[in-house]
Every structure is written in C-alpha cells, then in structure tokens.
Amino acid sequence: MADSSPVFTGSIPTNYQQYLVPFLFEEYAIDLAARLSVADDGAVLEMACGTGVVTAHLRASLPPSVRLIASDLNSGMLEVAKSVLDDVQGVEYEIADGTDLQFDDVAFDTIVCQFGVMLFPDKAKGFAESFRVLKPGGCLLFSVWDALENNPLSQLIHETIIALSPDDPATFLGRPHSYSDLNEICDTLEAAGFRGIDIHVQPRESRAESAWHVVMGLVAGGPLAAEIEARGLTEKARDVVEAALRADYGDGQISAPMQAIIVKAGKPI
C-alpha cells in the first residue's frame, strides 16, 4: 500500500486536523463510535486513524479495560493524533498498512476504519487482512464516502481544480468518492469471508465558518495539496476554489449536503 498511499506531509496533517476534521469528519466519527459494543476484556483496532477524531470518541465510549490500538500508514498523521490526544489515556499508536497488517491472527474483537478503506489500492486484500486478525464473532465497521454527485461541495472543488490544468489534472478528490457501489462492497466483503453485512447510507450536513476554511481543509488539508503543488498551482488553486465557493455558497458560513456509507460486517463464529 505504501507506494500508492496518499501523501500527508508538511503542513497537511495540521490543516487536516484544524479545518477538515470539524467540517467533514466529526459528526461521522461520533456516529461510528456509537455503533460499537465490545466486552470489557476486548481489543479494538482502528485503521487509518488520521489525526484521531474517531480515536477520541472510541476511547470515551469503550470500557476503560478495552485495549485500543490507533493505527495509520502515515507517521505525520499519527504524530498529530498523539499531540491532539495527549491527555487521553489508554490508546496505543502504531504505523500499520491496512492491506498488510502486522498483527497476529484472531487478535481483535472489532476493527474500525473511518474513510480509509476507499483509499486501499487492493480492497480485497485489505478485507482479507481484517478477516484474518478478527476473532470469530468479531466485526469490521467502516465508512466510505458516497459518490461525488451526492457530495456537491467536494464535486464543485474537484471540477474546479481539474479545470485549472485539464492536460495534467490534479484528481485526488475523485479517489475518496470512488468506492460507493454497494454491490461491489458486499461482494468483496463476502469473498473475504464476511457475513451478516449491514449497510446504511448516511446523509449529513457539512458546515464551515467560511469558504476559506473549506479551502484550507479540502485543498490544503489533504493529498490534493501535494498534487497542486507539484503543478505549481498552489496559490492559484486556493484563490480559484475560494471564488467558486463564494459564488455558490456566499461570503459567510457554508453549509452543504454530504453523504457517506456505513458498513458493518461480521466474521462467522
């Protein structure tokens, strides 16, 4: 996974935490953590934990005796998570690749992954790895973004960025929204051995203080920032996207529909 993993370096993890987390991820993190039920002596693995937004809610909702490992492939994101959750006890942090987990077989009761699975270059391998490290009766709980047309603000930014350099477009924003076919998700999970698959489409509302906050999150707070920088478009992209957002959403606070897909799959006993 490392060769094709998204780039989260430099100021990207900080911008991600400051701007993108409250705008897109916080509400879904609360929802995801509330779906867990783990025995007092259980163990939970969080994959692709990012800067720890789900981690915080997991630790608050799980019994203190439950072991919680927060993992991510990107060391920069983990460092921000450790800083943000400095006062949170009972969290172990590990660098881990969701498609090549270093953990023992049948080690966890639950695996949680918010908005990471869709970036796995090999979903089948990732699900097979989750199945391997789960205990019989355990579950995989994850979320992915629905298609761009159901996330209009991200779609607007994606199309605006592509228009800046049509011969060599920066296309990263398409990737998080590329794994939304429910039949494909179910088929790949079942092929890995999972059963009892439960899927919920979750519409929500994304909110930000201003167009600039959205720019700093979606344009400067993720791998798209590296793509536009490589094309020498950093300042221009931020200005053009901010102008497009203001044209569609006004000069004040921004509120726009967003939609994700929540999936829970069980490992048979």
Within-4.5 Å side-chain heavy-atom neighbours: [X] and [Y]:
X: Leu245; Y: Leu153; result: yes
X: Cys49; Y: Val54; result: no
X: Arg59; Y: Gln89; result: no
X: Val117; Y: Ile185; result: no
X: Gln17; Y: Ser83; result: no
X: His213; Y: Ile254; result: no
X: Gln18; Y: Met216; result: no
X: Leu20; Y: Asn15; result: no

Distance-only polar pair, side chains of His177 and Glu149, donor-acceptor under 3.5 Å = no

What is the minimum heavy-atom distance between [X] and [Y], and which atoms define it?
X: Val201; Y: Pro203; value: O-CD, 3.4 Å
X: Ser180; Y: Ile261; value: O-CD1, 3.7 Å
X: Pro176; Y: Leu119; value: N-CD2, 4.2 Å
X: Asp72; Y: Gly50; value: OD2-N, 2.8 Å
X: Thr99; Y: Glu129; value: O-CG, 3.5 Å
X: Ile162; Y: Ala170; value: CG1-O, 4.0 Å

Would you say the side-chain atoms of [X] pair up with the backbone N or O of [Y], donor to acceptor, closer than 3.5 Å?
X: Asp109; Y: Val38; result: no
X: Arg175; Y: Thr171; result: no
X: Arg132; Y: Phe103; result: yes
X: Asn151; Y: Gln259; result: yes
X: Thr51; Y: Val80; result: no
X: Gln114; Y: Leu32; result: no
X: Arg195; Y: Glu190; result: yes
X: Ser61; Y: Ala34; result: no
X: Ser71; Y: Glu46; result: yes
X: Asp181; Y: Glu184; result: yes

Residues, nucleotides or ligands: over 12 heavy atoms within 6.0 Å of Glu229 CD = no

Does one hydrophobic cluster hold both [X] and [Y], with members joined at side-chain heavy-atom distances below 4.5 Å?
X: Val44; Y: Val106; answer: no
X: Val215; Y: Leu148; answer: no
X: Ile30; Y: Val88; answer: no

How long is the gap from [atom1] on [X] to [atom2] on [Y], to the nearest 0.5 Å?
X: Thr55; Y: Ile69; atom1: OG1; atom2: CD1; answer: 12.0 Å
X: Leu24; Y: Tyr16; atom1: CG; atom2: OH; answer: 9.0 Å
X: Thr188; Y: Lys123; atom1: OG1; atom2: NZ; answer: 9.0 Å
X: Leu78; Y: Glu94; atom1: CG; atom2: CD; answer: 9.5 Å
X: His200; Y: Ile262; atom1: NE2; atom2: CD1; answer: 9.0 Å
X: Ser178; Y: Trp145; atom1: OG; atom2: CH2; answer: 13.5 Å

From the list Thr110, Leu101, Val112, side-chain contact (heavy atoms from CB on, under 4.5 Å) partner of Leu45 resolves to Leu101

Determine, for [X] against [Y], whether the closest basic-nitrogen to carboxylate-oxygen distance falls under 4.0 angstrom.
X: Lys264; Y: Asp198; value: no
X: Arg207; Y: Glu27; value: yes
X: Glu242; Y: Arg246; value: yes

Does the side chain to side chain contact (heavy atoms under 4.5 Å, CB included) test come out yes or no for Glu227 and Ile161, once each step is laid out?
-> CA-CA 10 Å; Glu227 287 192 348; Ile161 292 292; over 6 Å; no

Could you walk me through whether Leu134 and Ile111 pass the side chain to side chain contact (heavy atoms under 4.5 Å, CB included) check?
-> CA-CA 7 Å; Leu134 277 171; Ile111 296 174; 3.8 Å; yes

Between Phe194 and Phe131, how do the two ring planes meet: parallel, tilted or perpendicular, split at 30° and 60°?
->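 Rings of Phe194 and Phe131: perpendicular, over 60°.
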
Plane angle bin for Tyr28 and Phe115 - parallel if under 30°, tilted between 30 and 60°, otherwise perpendicular =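 It falls in the perpendicular class, over 60°.
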
Residue pairs involving residues 61-91 (criterion ring pair (Phe, Tyr, Trp, His ring centres under 6.0 Å); sequence neighbours excluded) = none

